[in-house]
Structure formats: structure tokens, C-alpha cells
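Letters go in sequence order (proteins before strands), and every chain restarts at 1. Only this structure's heavy atoms are used, side chains among them; waters, hydrogens and symmetry mates stay out.
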Amino acid sequence: MSLIKEHDHGTPARPGPATVSVEIDGRTVQVPEGTSVMRAAAECGIDIPKLCATDNLEPFGSCRLCLVDIDGRKGSPASCTTPVAEGMKVRTQTPELAELRRGVMELYISDHPLDCLTCPANGDCELQDMSGVVGLREVRYGFDGENHLDLPTDSSNPYFDFDASKCIACSRCVRACGEVQGTFALTIEGRGFDSKVAAGAGGTFMESDCVSCGACVQACPTSTLQERSVVELGMPNRSVLTTCAYCGVGCSFKAELRGDEVVRMVPYKDGKANEGHSCVKGRFAFGYASHPDRQLRPMVRERITDPWREVEWEEAIAHVGRRMLEIQAAHGAGAIGGISSSRCTNEEVYVVQKMVRAAFGNNNVDTCARVCHSPTGYGLKQTYGTSAGTQDFKSVDKSDVILIIGANPTDAHPVFGSRIKRRLRQGAKLIVADPRRIDLVRSPHIQAEHHLQVRPGTNVALVNAMGHVVVTEGLVDREFVAERCEDFAEWERFISAPEHSPEAVEEITGIPAAEVRAATRLYASARNATIMYGLGVTEHSQGSTMVMGMANLAMATGNIGREGVGVNPLRGQNNVQGSCDMGSFPHELPGYRHVSDDVVRGTFETLWGRVLDPEPGLRIPNMFDAAIDGTFLGLFVQGEDIVQSDPNTRHVTAALAAMELVVVQDLFLNETSRYAHVFLPGTSFLEKNGTFTNAERRINRVRPVMAPKTGKHEWEIVCEIAQAMGYPMKYDDAAQIMDEIAMTTPTFAGVSFARLDEVGSVQWPCDDAAPEGTPIMHIDGFVRGRGRFVLTDYVPTQERSTRRFPLILTTGRILSQYNVGAQTRRTGNSAWHPEDLLEMHPHDAEVRGINDGDTVALASRVGETTLRVKIAERMPVGVVYTTFHHPVTGANVVTTENSDWATNCPEYKVTAVQVSPKHPAPARVK
Amino acid sequence: MSAAQTPPHIRMSNEIAVQFRHRDPAWAAEQIAAHIRAFWDPRMRARLLADAGAGDGRLDPLVVAATALLPPAG
């Protein structure tokens with residue numbers, strides 16, 4: 001495939017029917033009202049020369065290259081800023097216009113380095129292109145006058161350079177930073193000839209608020225902002241469309257290569273999840289895939305204290321198969337199991353659960369969604385009938401009120417965070433419920449109407465209070481509830497009880513009652529109000545209850561089943577949704593159907609040729625408990641570092657140490673592989689062929705840009721293990737696996753690689769009734785028929801602050817790092833976050849004699865670790881926060897066994913701790 | 001015995017029960033039994049049933065009532 005270059009229409013599309021008819025160079029075109037002359041021309045195949053215009057930014061009208069003549073109008077207006085009018089006649093090519101454009105280009109080139117042949121953007125430079133388009137042959141002004149050619153290059157960013165000498169001051173970077181990313185880190189400093197792009201207050205890019213999303217680099221028409229990889233490797237010459245392997249937004253990218261070497265990842269304009277935007281992880285942090293730490297050959301050892309021994313694939317797979325069978329022979333069929341990964345494709349996950357169910361003969365399969373969004377699966381299925389978010393990302397463009405609970409989109413889901421910010425700048429109102437003052441509470445051009453600074457562990461009390469206000473202040477959408485829901489009357493009685501009033505729970509949540517009432521009125525009175533939530537909802541002892549509480553709130557106010565509304569989980573990892581869809585939970589076959597359902601089980605039994613276990617299997621925490629009890633002794637772990645990511649490290653490592661066979665399939669040796677007997681090297685997303693499903697249920701293709709560096713696809717390895725255990729499991733390619741998924745799973749019935757290659761992506765359910773997929777769910781009725789109101793008693797967590805452990809720790813993530821950091825720590829992203837820090841309110845620090853940057857001991861009842869403190873006024877008094885990206889910190893050494901009552905999702909967000917000054921020391925468990 | 005030392009099946013079943021403490025006890029027992037039946041591995045259910053039979057007071061009464069509604073595990 002050659003290099004993909006999306007057509008640039010110059011200015012953004014305008015919504016609405018194409019009702020305005022114009023004639024451009026004799027061609028007639030009809031476009032929506034408000035469309036620019038430039039875009040209308042582009043739509044009928046006429047590209048007007050331009051430099052400051054591009055179709056993901058509002059027109060600016062500064063470069064004066066896109067001038068046109070319009071019948072009946074004086075002068076030559078800029079086509080980018082001139083909207084079409086009915087009957088307008090436009091000429092884009094006249095001798096006078098050509099002369100004007102050459103004159104403009106002469107001025108630009110007179111102050112631009114003439115180093116095209118050695119410039120890294122040679123062949124990909126709009127200034128160069130436009131010089132050719134306008135026929136520039138000479139620069140009458142010469143090159144000796146005052147100029148900017150000696151301006152220095154800012155190389156502070158690890159991924160791109162800012163060479164000010166090449167800047168044409170078109171403002172595209174400044175506008176991209178504001179309009180697309182919403183950070184407003186760049187500005188034009190000075191006036192007239194002195195105008196120049198400045199980062200922040202005039203320092204370097206790294207000193208500014210720049211989040212390195214790459215929007216400015218993409219927008220730059222010259223080589224002023226240039227990826228360093230292009231400087232070092234040269235211009236790419238082919239593209240492969242694929243999907244980012246980081247967060248649950250699932251951005252589409254063009255992997256641009258020279259031969260088999262990835263030069264850069266460029267966000268794809270037609271990607272439905274990201275529409276051409278990106279973040280620092282997806283755009284730049286792909287270097288881990290070729291990092292020398294990659295373990296590319298299988299390894300085996302008898303005991304975890306032995307050194308690793310590299311072996312051939314055949315030996316490793318035979319060893320795994322033989323040992324798994326030996327464990328089952330000695331301890332029973334249920335003594336082994338597997339964990340699938342949300343970082344792997346749907347196809348890779350599907351074969352893992354199939355291996356467990358058909359070859360292992362049990363349902364001991366779980367996935368890392370256990371520790372993040374399993375309460376979403378439970379809560380939304382109980383209330384709405386399906387375990388997924390209700391909307392597509394685009395839906396938020398129609399939201400009038402956005403309620404964000406326990407999520408930090410600008411860090412964890414940055415591209416969607418930018419979309420939210422854009423909608424807020426257009427006038428939508430924001431309510432944030434979070435203990436921390438996340439960036440969305442107040443950032444450039446963004447101000448939340450209400451920040452409900454809820455105490456960790458009291459979400460359910462808050463959502464009940466909001467429900468109370470809805471019911472008692474007459475804010476219920478009675479028509480919606482009567483037509484669409486059930487069990488409302490009982491919920492209404494429950495929620496209107498005085499103990500749920502904002503006043504009654506003020507002491508519990510810490511939020512002033514008036515603030516809760518005002519925020520609820522804003523949410524409930526909006527034309528369209530949407531709820532976005534994250535792990536600050538799910539990772540609690542009442543995570544599932546809170547999901548149901550939010551579902552109740554949306555139903556009661558009629559905010560379900562159309563654009564702009566809904567209840568939407570922001571999924572952490574790239575394929576959390578998909579790994580759950582594929583039957584990774586121990587009680588559900590693919591498509592969220594319970595293993596006890598004889599009909600569903602029969603479908604798979606017929607196809608797979610094995611009788612399947614009708615009993616639920618072990619969840620991940622249950623696996624650990626059973627390992628310590630001696631009834632669970634063999635574990636296959638696909639792409640998850642459970643020692644670093646799961647709570648109570650001591651408990652996890654004790655469980656793994658008690659097992660007879662731990663098999664780790666991953667890119668790198670990690671904390672879990674310290675306890676492994678077999679290491680099977682995995683493939684990066686650049687080597688995978690398959691699909692990821694993002695948080696909006698969008699199934700996107702993941703296409704390989706190179707062959708597996710390990711010699712095998714991950715699904716092949718799993719199939720071969722099953723074969724080694726005597727179960728015939730074989731596919732010719734990943735497409736065949738998806739065909740089997742479509743054959744067995746009704747919501748995927750219309751999905752195939754061919755279909756996805758044809759249409760780009762689809763959102764499940766995709767079947768005969770919805771062959772184009774389903775962007776918004778529950779439009780005419782809930783999946784379960786009627787939406788069900790569930791009573792949501794608030795039950796305090798058992799984790800309480802005490803005299804010994806007086807602070808509450810919450811954990812989370814940061815923009816530049818991802819999950820356990822295995823990928824991002826092996827990239828330039830560590831320039832922003834080289835270590836986990838403990839964020840602490842100044843008061844809590846002061847009373848402990850702790851200063852910013854001090855090393856402290858962080859201790860809970862289960863363990864202690866050491867890290868440095870960052871004094872942060874965004875923290876509430878009594879609450880501290882850290883991330884879990886670095887194994888040296890081992891944040892989960894201190895988190896506990898507490899979990900969600902319904903799903904065992906760990907309560908990462910509430911751990912009673914003490915913080916005390918300390919000299920540096922390694923992490924340890926008590 | 002601290003929470004960390006309580007056997008997992010006892011701790012988890014009690015945590016389920018407390019979610020239903022304000023409901024009608026008979027209905028609550030049905031819900032708890034249905035939940036455990038739907039989500040718990042048979043070996044965990046077997047241990048729960050064994051401990052319910054022991055009657056040592058570590059189980060919430062709602063859990064004990066729920067176990068009476070559970071079929072023998074296995």
C-alpha cells in the first residue's frame with residue numbers, strides 16, 4: 001500500500017442538507033449553508049491554493065493565498081472565510097489571481113530557508129507544494145533583508161523539533177492546540193514582522209502546558225514542527241491503517257513506514273473514534289515494539305528460582321500442554337485456568353476462552369476487566385440488559401450537560417477528553433464528581449459548573465441523593481418511565497426517603513447539600529444530559545451498585561436512547577470492551593450469555609465438539625485464593641502483569657508462588673514472569689492481525705505492519721497449546737476466528753474482516769437488523785425489554801481511616817504513562833513521568849513535616865512502599881493519590897483485598913494509609 | 001479475625017448480604033442465593049455450604065438463609 005494522504009477540503013464541513021447551489025469555475029455544486037467557498041470548490045474537485053487553511057480548523061484568512069473572484073463582489077476575498085451564497089459564481093483561476101498568489105508566495109519564500117533538498121519535510125511540505133502550484137520562479141525581494149532564518153530550534157520535546165526559522169506564522173499549530181486539543185499551550189507572540197509562535201510564556205515546549213498530542217505537528221504545513229523520527233529516518237513511503245493499542249478510545253492511525261520500519265504514527269482523519277486527533281501515547285509512544293527488552297524466544301524453567309532456558313516453540317508448547325494435563329490428572333479438571341488480556345485482539349481473546357472451555361474443560365477464564373470495569377458489565381446488564389455503554393463518542397456533541405463521575409478523560413482518554421472540551425467551549429455545562437480537582441474542573445476556557453468533591457467510597461450516597469432530588473423536586477420524566485421502565489414505583493419510594501436527601505448525606509459525602517441539589521437540577525433539567533464515568537466509579541466495594549445508581553438516574557430523567565444522553569463507561573485499556581464481549585468472564589460465553597444457558601452452550605458444544613461446563617468458573621481473585629488453598633495450580637496469563645496491576649501484591653505473589661505452572665505470554669519479562677515457569681513471547685499491535693473494540697462498542701481493524709517478531713501470532717500459540725492437550729483447534733488466519741465469533745455471537749453476526757475493510761468500523765450490535773452497526777443503544781426499548789430500576793442502598797466500605805492509617809489513598813493513571821507502564825516506560829514518555837509520585841494536600845504534608853519532593857513511606861495495613869511527594873492543592877485534605885505505572889514503586893503493595901460485592905473488582909480507590917518522611921528504600925511487603 | 005484473615009467465601013458472601021440488609025429477608029435470601037449460584041465457582045459454593053452447616057456465627061444470617069436455597073455444589 002502506498003502512502004495514504006487524506007484529501008484536505010480546507011475548512012470543516014458544515015451540518016445540514018446541501019441546499020445552497022454555487023458555480024465555481026463553471027462547475028455547479030450544492031453544499032450546506034455556511035460552507036466556505038474553499039470547501040465547496042474542493043467538493044467539486046477544485047483545490048484552491050492555501051497555507052493557513054486545513055479542514056480540521058476553523059478558517060483564519062491570514063495567508064491570502066486562497067483569494068478568489070466572485071461575481072458582483074469587490075476585490076478578491078479569501079475563499080476560506082467566505083461562505084457560499086445561493087447563485088454565487090466564483091472564479092478560482094484568473095491571471096490576476098495568479099499574480100496575487102505569486103506575490104504572496106514571494107514574500108513567504110523571501111524569509112524561508114532554501115534548503116528543500118535537505119529538509120526533512122522535502123516531499124511533504126505544503127509551502128513547497130504551493131510554490132509549485134502558483135508557479136513561483138523568482139523572489140524579487142532577495143534574501144538579504146531582515147529575516148527569521150537564525151532563530152533557534154527547540155528540541156526539548158522528546159518526539160518533535162520546533163524549528164522557528166521555518167515558521168510562516170500561519171497559526172495552524174496555535175489553532176490546532178486550541179481548537180482540536182483544547183490545551184491552548186501555544187500562542188503567537190509579537191506583532192507584524194515580529195510575530196512568532198511561542199509555547200506557554202515563551203519558554204520551551206517542555207516547559208509549557210503542551211501535552212505533546214501532536215496536533216500542532218500534524219497541522220504544520222512546513223517542517224517547522226517535525227517528528228524527530230522523520231528527521232532521523234526520512235519520509236515514509238507507505239501506510240497501513242490500524243488501531244491504537246493504548247486506551248479505550250481506540251483511535252485509528254496510519255502507521256507510516258519506510259520498508260518495514262515504522263517512521264511515525266499519524267492519526268487517521270476518517271477514524272470514527274478520533275477523527276484525526278491523537279494523544280502523546282498513540283501518536284508517539286510506539287517505540288516499545290522494537291525495544292531491545294523484547295523477549296522474542298520462548299523460555300522454560302522447572303522452578304521459579306532456576307535461570308531461564310531459551311527453547312524452541314515446539315518444546316515450550318509441548319511443555320505447557322504436558323504440565324497442564326499432569327496437573328489436571330493429579331488435582332482435577334478445575335485446577336487450571338487462564339487470564340485473557342484487554343491489550344490483545346478480540347480474536348486472540350476468543351481463542352483463550354475457547355482453549356479454557358474446550359481444552360481445559362472448565363470455565364476458569366477471566367480477564368483484566370475484572371480489576372477495572374467488571375461492575376459496568378454487571379450493573380448495566382442488570383438495569384439495561386447489556387454490558388456496554390449506550391452511546392458513541394460523537395453523541396457528546398449533542399450533550400447540553402455532561403456529568404463526569406470518577407473519570408479523568410484528559411489524562412486517561414485524552415482524545416475523547418478533547419472532544420468533551422470542545423463541546424464545553426460550545427456552551428455545554430459540566431458537572432464533575434471526583435475527590436480530586438481534575439483538570440476539567442478548571443482549565444483554559446473550561447469551568448465546571450459544579451465540582452462535587454465526593455469523599456472516596458461514598459459515590460452511592462451521592463447518586464442516591466441526586467436521585468432523591470430528581471424524585472422529590474418533580475424532575476422525573478414520567479412519560480419515559482411509564483413507557484420504558486419497570487420497578488419505578490418501588491425505587492421512587494426508596495429514593496424519596498429522608499435518609500437519601502442531600503442534607504442527610506452531606507456528612508457522608510462531604511458535599512454541601514445545596515451543591516448537590518443545584519447540580520442535580522442542572523443535570524435533570526437539561527434537554528440532553530449524559531453521564532461519563534470511569535474507574536472512580538467501578539473500583540469500589542459498591543462499584544456495581546454505583547453503576548446501577550447512575551443507570552437509575554439516567555432512566556428517571558429520560559436521558560437514554562438518543563444522541564447526547566446515556567450512561568457511558570470510559571474503558572481503560574484498548575480492548576476491555578472486546579475482551580468482555582468475547583466471553584472472558586468465567587460465568588459468560590461470548591456475547592454475555594450465561595454458561596448455564598443450555599441453548600447457548602449447545603451452540604458452542606456443537607461447533608467445538610466438546611461438552612462444556614455449565615458451572616461458573618473462578619474469577620481472578622478467586623484463582624489466587626484457590627491457589628493458596630491448593631486447589632488451583634496451573635495458570636496461563638495472556639498479556640497482563642497481575643503482580644504489578646492487581647491489589648495486595650503479597651497475596652498475589654503468594655498465590656503465584658504456590659502454583660505448579662505459571663505461563664506468561666507477554667512482550668517483556670515483567671513482575672509476573674518472576675513467578676512463571678514458562679514465558680511465551682507475545683506480539684505488539686504492530687504485528688497483530690485482528691480487531692479491537694473500543695469503549696463505544698466500535699470494532700476496528702488492527703492490521704499488521706510487519707510479521708510477528710516472535711515467529712508466531714498469539715492466537716497460533718494458544719491453538720497449539722490446546723492441540724498439545726489433545727483438543728484439535730486450528731484456524732488458517734485471524735479472519736477465520738472472527739467468522740466463528742460472528743457465527744456464534746448474535747451481536748457480532750454481521751462482522752467480518754471483509755466487512756470492516758469495506759466500511760472502516762462498525763459498532764455492535766451488528767446484525768441483520770442493524771447491518772451498519774448500532775451507534776446508540778436502547779432507542780426504542782431496552783435490550784432487556786424495559787429498563788429496570790434497582791434499589792441502591794449505600795453501604796459504607798469496610799476500609800476506614802483510623803488513628804494508625806488516617807489518610808485515604810486513591811490510585812489512578814496519568815497522561816503520559818499507561819497501565820503498568822510496560823509499554824510507555826520503554827519510550828520517551830518517561831520524560832514526563834519518570835516515577836510514581838504521591839500527590840498530597842499542603843495541609844496533610846505540613847502537619848507531617850513533608851516538603852515537595854521529599855521521599856516518604858506510604859503504609860497500609862497490608863504493606864508499605866516508598867515514593868516521593870508532590871504537594872498538590874487539587875487533592876482534598878485527608879486524601880492522597882498515586883499512580884501504578886512503575887514497578888519500583890509497587891503501589892499495589894499497599895492496596896487491599898477489599899472488592900466490589902458483586903464482581904470482586906478491587907477497591908483500588910479506597911485504602912487507609914499513613915504517610916511519613918523517610919529516606920529512600922525499596923518497596924517491600926509486610 | 002481481621003478482614004484479611006477471614007476466609008474469602010465468608011467475607012465475600014457477607015459483603016453480598018449487607019447489600020440486602022434493608023430488604024425483605026426472604027426476598028434477600030433468594031437474591032443472594034441467585035447471585036452466588038450465577039457467579040461463584042462450585043468449590044466456593046461447597047465451602048460456603050459447609051460453613052453454613054457448621055453454624056459458627058461467622059456468616060450473616062441472610063447468607064445462611066440463602067445457602068438453604070442453593071443446590072449442593074459439585
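- For A/P614, no part lies near chain B; criterion is any non-hydrogen pair under 4.5 Å.
- Expressed to the nearest 0.5 Å, how far CG of A/D625 lies from CZ of B/R47 amounts to 9.0 Å.
- Atoms OG1 and CG, from A/T631 and B/D41 in turn, are 8.0 Å apart once rounded to the nearest 0.5 Å.
- Around CD of A/E499, the count of heavy atoms belonging to other residues, nucleotides or ligands within 6.0 Å exceeds 12.
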Pair A/Y378-B/H35, ring pair (Phe, Tyr, Trp, His ring centres under 6.0 Å): steps then yes or no: CA-CA 11 Å; A/Y378 180 88; B/H35 185 89; 5.6 Å; yes
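- A/F585 does not touch chain B: none of its heavy atoms, backbone or side chain, sits under 4.5 Å away.
- One distance of note links CH2 of A/W901 with CG of B/N14; it measures 14.0 Å at 0.5 Å rounding.
- You'll find the side chain of A/N622 reaches within 4.5 Å of the side chain of B/M12, heavy atoms only.
- Remark: A/D629 CG to B/M44 CE distance equals 10.5 Å, nearest 0.5 Å.
- With a 4.5 Å cut-off on non-hydrogen atoms, A/D900 does not touch chain B at all.
- A/N364 touches chain B through its side chain: at least one heavy atom from C-beta onward sits under 4.5 Å away, while N, CA, C and O do not.
- Comparing A/P586, A/A902, A/A626, A/P621 by heavy-atom pairs within less than 4.5 Å of chain B, the highest count is held by A/A902.
- A salt bridge between A/D793 and B/R23 is present, with a side-chain N of the basic residue lying under 4.0 Å from a carboxylate O of the acidic one.
- Under the 3.5 Å distance criterion, the side-chain polar atoms of B/R43 are left unmatched by any main-chain donor or acceptor of A/L618.
- Ring-plane geometry between B/F39 and A/H587 is classed as perpendicular, the angle between the planes exceeding 60 degrees on a 0 to 90 degree scale with a lower cut at 30.
- With rounding to the nearest 0.5 Å, the separation of CD in B/Q19 from CD in A/Q542 is 4.5 Å.
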How far apart are the C-alpha atoms of B/R21 and A/V795, what are their side-chain angles, what is the distance that settles it, and do they pass the side chain to side chain contact (heavy atoms under 4.5 Å, CB included) test? CA-CA 10 Å; B/R21 65 185 168 184; A/V795 178; 4.2 Å; yes
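- Of all the heavy atoms in A/P616 and B/P42, the pair that sits closest is O-CD, 3.4 Å.
- The side-chain hydrogen bond (donor to acceptor under 3.5 Å, both in side chains) test applied to A/N464 returns A/T792, not counting sequence neighbours.
- Salt-bridge annotation for B/R37 and A/E615: present, with a side-chain N of the basic residue lying under 4.0 Å from a carboxylate O of the acidic one.
- Counting heavy-atom pairs closer than 4.5 Å to chain B, the top-ranked of the candidates A/H651, A/E588, A/R619 is A/R619.
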